[in-house]
Amino acid sequence: MQTAADVYPVLCLAGPTASGKTSLALALATELPVEVINADSRQVYADFPLISAQPTPEERAVCPHHLYGILSSDTQISAGEWRDMALAKIIEVLSRGHVPLLCGGTGMYFQTLLHGIAPIPPTDRDVRARIEDRVGREGLAALHNELCSKDPEYAAKIHPHDRQRIVRALEVLEQTGRTLSDWHKEGTASPVSGPLFVIQASLDWLMPRIEARIECMMKEGALDEMKRAFARAPDPSLPGFSSIGCAELLACARGTLTFEDALTLWIKNTRAYAKRQNTWFRGRKEARFFSPSEGKRFISEACSAWENIHSFNP
RNA sequence: GCCGAGGUAGCUCAGUAGGUAGAGCGGGGGCCUGAAAAGCCCUGUGUCAGCAGUUCAAUUCUGUUCCUCGGCA
């Protein structure tokens, strides 16, 4: 049973890439003593401030920002690890009497923060590598069959081609001795609560902004940023390199893509990503949607939401 | 102007030994419990360039017109 003191209030601002989250967050900072906490799985990497569209130093100077550019490219982060870091930051911000504003585009991160995540212990990288190796030798179908007999409940939920989830399920089973579906039945209550504001922007509206942003990134040295990161850690399979744009820029640097083709591909992939984000957020029943032109409404609703929360948590 | 190769889904192309056609990409829709900017699923009727001919039947054969791309002039 949770007491009121165990509930940590937050404000959440989500939306697809290039929908204007950063500027809205800063606008809110003029009304409330906001501290922004990053809820974006790519903006945690220090080597890619430009490519992952982290707030600029000028933007960060407006109010405190947390969890941006904190990891090296070879460091893996998981949704659960992010949640633990974010929770620590939230508590810290609240202790200063400030407003934690979670801001980002990673739907799953908001999900884990607001609704919790199964308490599965971290898994060993070697275990996954071994299972991946088996996929290569025995074929995915064999491992899917294995999952069907060992954890039929979870196997029924995923597609036989879903390699990532098949491997994950077998890995958890091997390491914890419990099935994933079993783990998922554990209570996942979260001590964090607050409104989830979502910018709802159509792809038609987003596209010109995405194009402009990427062209701007190119001008501001995205290619150099990638080259520098690569010089520091010359392995594009490292976790930090999975931002959209990295593979495209790397191909350009290696000469397998022209500058123009890399740009086109980067834009295309970003569009597909924005589409997926929209699909994710659209399905959140607790979300409070607003259009990009309703920034003022967001500000006032966020302010009154915070006031309400505060009357319960003085 | 001549010779050759082509004109099939938004794009790149496959194909039909004559029975009105299919992949990839793109687009659209969706899923999502620790890699999530990841991963995965569903979704393709288009005068098969135009016209005429042969045929029960032509996108497929023949003729012709137009267009594109090479080569020769």
Side-chain angles (χ1 to χ4, degrees), chain A residues 14-19 38-45 48 51-54 71 73-86 104-125 127-129 131-132 135 140 144 151 153-154 156-169 171-172 175-176 179-190 202-204 207 210 213-214 217 237-249 261 264-284:
Chain A
T17 188
S19 59
N38 172 34
D40 187 295
S41 73
R42 299 300 95 194
Q43 294 181 350
V44 295
Y45 288 105
F48 302 97
I51 296 170
S52 69
Q54 295 173 32
L71 298 181
S73 295
D74 59 355
T75 309
Q76 179 85 53
I77 184 169
S78 71
E81 286 160 349
W82 173 84
R83 191 199 88 119
D84 293 345
M85 291 195 291
T106 303
M108 192 187 189
Y109 282 10
F110 286 104
Q111 179 73 16
T112 62
L113 190 70
L114 297 171
H115 303 290
I117 188 167
I120 305 169
T123 49
D124 192 339
R125 256 173 125 41
V127 176
R128 176 176 299 180
I131 295 170
E132 284 286 358
V135 174
L140 189 58
H144 181 254
D151 186 359
E153 192 179 335
Y154 187 66
K157 279 195 203 161
I158 62 174
H159 194 275
H161 292 172
D162 198 338
R163 172 185 181 131
Q164 205 168 273
R165 290 191 174 82
I166 292 169
V167 171
R168 164 78 180 154
E171 152 195 324
V172 168
Q175 266 211 291
T176 68
T179 63
L180 204 48
S181 51
D182 189 27
W183 277 112
H184 288 171
K185 282 180 194 126
E186 296 233 345
T188 61
S190 169
S202 71
L203 290 177
D204 286 345
M207 274 320 282
I210 288 173
R213 171 194 263 187
I214 289 177
M217 285 177 180
S237 70
L238 290 175
F241 285 85
S242 61
S243 292
I244 294 169
C246 286
E248 296 85 341
L249 289 168
D261 287 347
T264 306
L265 229 205
W266 187 359
I267 291 169
K268 186 197 93 179
N269 290 334
T270 303
R271 184 187 199 280
Y273 169 52
K275 182 174 142 72
R276 261 178 285 136
Q277 284 177 303
N278 272 343
T279 303
W280 174 283
F281 291 124
R282 204 180 290 143
R284 305 296 106 190

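Chain letters run A, B, ... following the sequence lines, proteins first and then strands; every chain starts at 1. Atom set for the values below is all heavy atoms of this structure, side chains included, hydrogens, waters and symmetry mates excluded.
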Looking only at the side chain of [X] (C-beta and beyond, no hydrogens), which of the listed nucleotides [options] gets closest?
{"X": "A/Y154", "options": "B/rC41, B/rC31, B/rU33", "answer": "B/rU33"}
{"X": "A/M108", "options": "B/rU33, B/rA38, B/rC31", "answer": "B/rU33"}
{"X": "A/Q164", "options": "B/rA36, B/rG34, B/rA38", "answer": "B/rA38"}
{"X": "A/D162", "options": "B/rG34, B/rG39, B/rG30", "answer": "B/rG39"}
{"X": "A/H184", "options": "B/rG28, B/rG34, B/rC32", "answer": "B/rG34"}
{"X": "A/I117", "options": "B/rC32, B/rG34, B/rA37", "answer": "B/rG34"}
{"X": "A/K275", "options": "B/rG29, B/rC31, B/rA36", "answer": "B/rG29"}
{"X": "A/R276", "options": "B/rG34, B/rA36, B/rA38", "answer": "B/rA38"}

Quiz item: Does A/R276 make a cation-pi contact with A/W280 (under 6.0 Å, within 45 degrees of the axis)?
Solution: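 No; the conditions do not both hold, so A/R276 does not lie above the ring face of A/W280.
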Residues two or more places apart in sequence or in another chain: which of them pass side-chain contact (heavy atoms from CB on, under 4.5 Å) with [X]?
{"X": "A/I131", "result": "A/V127, A/L143, A/V167, A/L170, A/E171, A/E174"}
{"X": "A/S242", "result": "A/R42"}
{"X": "A/A53", "result": "A/Q43, A/R213, A/M217"}
{"X": "A/A14", "result": "A/F110, A/L196, A/V198, A/F281"}

Quiz item: Ring of A/H159 versus six-membered ring of B/rC41: centres under 5.5 Å and planes under 30°?
Solution: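 Base of B/rC41: not stacked against A/H159.
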Quiz item: CD1/A/I51 to SG/A/C246 distance, rounded to the nearest 0.5 angstrom?
Solution: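 One gets 4.5 Å once the value is rounded to the nearest 0.5 Å.
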Separation of atom [atom1] in [X] from atom [atom2] in [N], rounded to whole Å:
{"X": "A/R128", "N": "B/rA38", "atom1": "CZ", "atom2": "P", "answer": "16 Å"}
{"X": "A/R168", "N": "B/rC40", "atom1": "CZ", "atom2": "P", "answer": "17 Å"}
{"X": "A/I166", "N": "B/rC41", "atom1": "CD1", "atom2": "C1'", "answer": "13 Å"}
{"X": "A/H144", "N": "B/rC41", "atom1": "NE2", "atom2": "C1'", "answer": "13 Å"}
{"X": "A/I120", "N": "B/rU33", "atom1": "CD1", "atom2": "P", "answer": "10 Å"}
{"X": "A/I158", "N": "B/rA36", "atom1": "CD1", "atom2": "C1'", "answer": "15 Å"}
{"X": "A/Y273", "N": "B/rA37", "atom1": "OH", "atom2": "C1'", "answer": "4 Å"}

Anything under 3.5 Å between a protein N or O and an N or O of nucleotides 24-26 of chain B, put it in a table, one pair a line.
from: B/rG26; atom 1: OP1; to: A/K268; atom 2: NZ; distance (Å): 2.9

Quiz prompt | Counterpart residues, salt bridge (charged side-chain N to carboxylate O under 4.0 Å, His left out), relative to A/R271 (two or more places apart) | solution =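 A/R271 satisfies salt bridge (charged side-chain N to carboxylate O under 4.0 Å, His left out) with no residue once adjacent residues are dropped.
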Exercise. Please identify each residue that fulfils salt bridge (charged side-chain N to carboxylate O under 4.0 Å, His left out) with A/K185, with sequence neighbours left out.
Key: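 In terms of salt bridge (charged side-chain N to carboxylate O under 4.0 Å, His left out), with neighbours along the sequence ignored, A/K185 is linked to A/E153.
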Quiz item: With sugar-phosphate meaning primed atoms plus P, OP1 and OP2, does A/R284 contact a base, only sugar-phosphate, or nothing at under 4.0 Å between heavy atoms?
Solution: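 A/R284: no heavy atom of the nucleic acid under 4.0 Å.
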Exercise. Check every strand shown and say whether A/P119 touches a base, only sugar-phosphate, or nothing at a heavy-atom separation below 4.0 Å.
Key: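 Here A/P119 touches the bases of the nucleic acid.
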Quiz item: Going by atom types only, do A/Q175 and A/D124 share a side-chain donor-acceptor pair under 3.5 Å?
Solution: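 Note: A/Q175 and A/D124 side chains miss the donor-acceptor criterion.
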Do the side chain of [X] and the base of [N] come within less than 3.5 angstrom through a donor-acceptor pair of N or O atoms?
{"X": "A/E132", "N": "B/rA35", "answer": "yes"}
{"X": "A/Q76", "N": "B/rA35", "answer": "no"}
{"X": "A/R165", "N": "B/rA35", "answer": "no"}

Quiz item: Which residue lies toward the 5' end of RNA chain B, A/S243 or A/G80, if each is placed at its nearest nucleotide?
Solution: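 Going by which nucleotide is closer to the 5' end, it is A/G80.
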Exercise. Between A/E186 and A/Q54, name the one whose nearest nucleotide on RNA chain B is closer to the 5' end.
Key: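 Looking at the nearest nucleotide for each, A/E186 comes out on the 5' side.
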Quiz item: How does RNA chain B look in dot-bracket notation if pairs are Watson-Crick or G-U with both distances under 3.5 Å, crossing ones as [ ], other-strand ones as |?
Solution: (((((((..((((.....[..)))).(((((.......))))).....(((((..]....)))))))))))).
Exercise. Applying ring pair (Phe, Tyr, Trp, His ring centres under 6.0 Å), run through A/F48 and A/F241 and close with a yes or a no.
Key: CA-CA 8 Å; A/F48 302 97; A/F241 285 85; 5.2 Å; yes
Quiz item: Got a sec, which residues hit ring pair (Phe, Tyr, Trp, His ring centres under 6.0 Å) with A/W82, two or more places apart in sequence or on another chain?
Solution: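 A/W82: ring pair (Phe, Tyr, Trp, His ring centres under 6.0 Å) contacts with A/Y109.
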